[in-house]
Amino acid sequence: MHVELADEAVCIGPPPALQSYLKLDRIISSAEVSGAEAIHPGYGFLAENPHFAEVCEQCGIAFIGPSAASIRLMGDKAAARRTAEAEGVPVLPGSRHPVRDLDDARRLAREIGFPLIIKASAGGGGKGMRVVGTPDDLESSLATAAAEAAAAFGDAAVYLERYLPDPRHVEFQILMDGEGNGVHLGERDCSIQRRHQKLVEESPSPALNDAKRQAMGQAALRVAKASGYRNAGTVEFLLDPQGGFYFMEMNTRIQVEHPVTEMVTGLDLVKAQIRIAAGEGLGISQTDVRIAGHSLECRINAEDPVRFLPAPGRVTALRFPGGPGVRVDSHAYAGYTVPPYYDSLLAKLIVHGSSRAEAIARMRRALDEVRIEGIKTTVPVHQRIVRDPDFLAGRTSTGFLLRLLQER
Ligand code: MV4
């Protein structure tokens with residue numbers, strides 16, 4: 001589909017990513033032969049690779065995203081935490097530097113208290129994390145977390161944080177021009193996830209009021225400004241049931257769920273990214289940003305909906321819904337074969353309504369109109385979520401989906 005839609009296409013190699021997308025010289029060559037002035041890295045393979053951003057810079061090609069230095073800084077989760085803390089942005093009690101040894105860990109743990117969580121400095125997205133309930137488990141958990149971090153990231157450094165059980169995940173979209181000017185575009189509530197894979201995202205979050213939104217949005221901008229950020233980014237927070245918020249990490253890319261922000265702000269985020277990369281500035285200030293109505297996104301994955309395992313194969317029949325307030329972002333069509341080489345995301349079904357209730361009603365109707373045959377998808381899970389009483393009441397948290405799946 002992407003080749004059919006493109007004005008011009010260049011083959012970068014065979015399907016496996018290691019032989020194509022991850023071969024930086026092939027990406028650069030394709031820009032050179034086509035005369036491209038800029039590269040948009042998408043939200044996958046190349047989006048948070050500081051080396052790729054550097055190579056683009058050195059080749060005189062604009063990388064549509066932040067500087068290599070910003071990607072590197074925020075990629076170090078312990079350094080990102082220190083940046084937030086230095087700006088007066090709330091963080092959970094934790095260690096300011098990577099754990100030196102077991103004695104260091106024991107001392108830190110006494111200050112932080114239990115339960116605590118061990119996180120990989122080079123981590124993110126849940127890899128290399130261990131929750132520790134009691135002092136007795138600290139030694140073995142430290143060893144496994146460090147080993148996991150070394151294997152996954154080539155860096156064994158870990159740090160400690162007080163563990164917040166069953167939090168909400170609320171993230172703020174920001175845009176920065178690289179000269180210190182920035183806006184936040186409100187938040188996305190991404191609490192409905194399974195094993196760090198998001199299923200449903202929404203904006204605004206049912207958990208925030210205007211005052212909290214303003215406080216968190218300003219906190220997000222302080223973190224971005226302190227790191228000299230440019231282009232689109234997302235600052236992630238954990239929210240506790242009392243309404244306390246804590247900086248978690250910053251994503252230095254456009255994210256899969258950016259359409260819900262586009263729906264409630266009326267902005268085209270990728271257009272904004274390209275404008276910023278071209279040095280044209282933001283074109284808007286915070287007072288121009290208006291959050292209108294409510295938006296939901298269901299990620300439709302080519303997966304077995306019971307075990308959540310990728311289910312590649314041929315789509316034999318396909319129908320997507322339309323109508324007022326319904327948007328589908330997808331590369332799929334009848335006859336399309338889902339390859340086994342990439343992420344299993346098949347379509348994003350996005351709705352907008354004047355209220356949360358209207359958005360949910362539209363999502364129910366739209367999900368019921370989706371027809372995808374030949375492969376398994378996550379549509380049945382979404383059909384359950386949008387009818388769940390806790391979801392309808394806005395009572396979601398990171399433990400929500402597990403609770404839902406354990407029913408019946
Ligand atoms: C936490 C946490 C509770 N307390 N940190 C998961 C991904 C990684 N970026 C950080 N994560 C968490 N960090 C403290 N101090 C709970 C999680 C977490 C989580 C966060 C967001 C969305 C889903 C999650 C699922 C499990 C754990």
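Remember, it's 1-based here, ligands and their atoms both numbered in the order they're listed.
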Problem - Selection from M248, R194, K119 by shortest heavy-atom distance to atom 5 (N) of ligand 1 - result: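 Nearest option to atom 5 (N) of ligand 1, by heavy atoms: K119.
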Fill in the blank from the handout: Candidates K77, R168, H169; heavy atom nearest atom 21 (C) of ligand 1 found on H169
May I ask you to decide whether [X] forms a salt bridge with [Y], counting only side-chain N to carboxylate O separations under 4.0 Å?
X	Y	result
K212	E187	no
D177	R230	no
R130	E148	yes
E297	R188	no
R362	E358	yes

What atoms of ligand 1 come within less than 4.0 Å of a heavy atom belonging to [X]?
X	value
L238	1 (C), 2 (C), 3 (C), 4 (N), 5 (N), 14 (C), 20 (C)
R162	4 (N), 14 (C), 15 (N)
L92	14 (C), 15 (N)
E161	5 (N), 14 (C), 15 (N)
I117	1 (C), 5 (N), 14 (C), 15 (N)

Exercise for the section: Could you label the plane-to-plane angle of the H184 and F172 rings as parallel, tilted or perpendicular, counting under 30° as parallel and over 60° as perpendicular? Expected result: perpendicular
Problem - Nearest protein heavy atom with distance in Å, relative to atom 7 (C) of ligand 1 - result: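 Result for atom 7 (C) of ligand 1: G126 N, 3.5 Å.
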Handout entry: ligand 1 N/O within reach of H196 N/O, cut-off under 3.5 Å
Key =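 No, no N or O pair falls under 3.5 Å.
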Exercise for the section: State whether the shortest distance between N or O atoms of E236 and N or O atoms of ligand 1 falls below 3.5 angstrom. Expected result: no
Exercise for the section: Decide whether the shortest distance between a heavy atom of M129 and an atom of ligand 1 is less than 4.0 Å. Expected result: yes
Problem - Side chain, backbone, both or neither: E249 near ligand 1, heavy atoms under 4.0 Å - result: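 The side chain, only.
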Problem - Within reach of ligand 1, part of L164 (heavy-atom separation under 4.0 Å) - result: both
Exercise for the section: Determine, stepwise, if the pair E369 / R364 fulfils salt bridge (Lys or Arg N to Asp or Glu O under 4.0 Å). Expected result: CA-CA 9 Å; E369 288 181 4; R364 280 197 205 162; over 6 Å; no
Handout entry: F308 six-ring face occupied by R299 cation (under 6.0 Å, within 45°)
Key =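 Cation-pi check for R299 and F308: fails.
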Practice task
Evaluate whether atom CD of Q214 has more than 12 neighbouring non-hydrogen atoms of other residues, nucleotides or ligands under 6.0 angstrom away.
Solution key: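 No.
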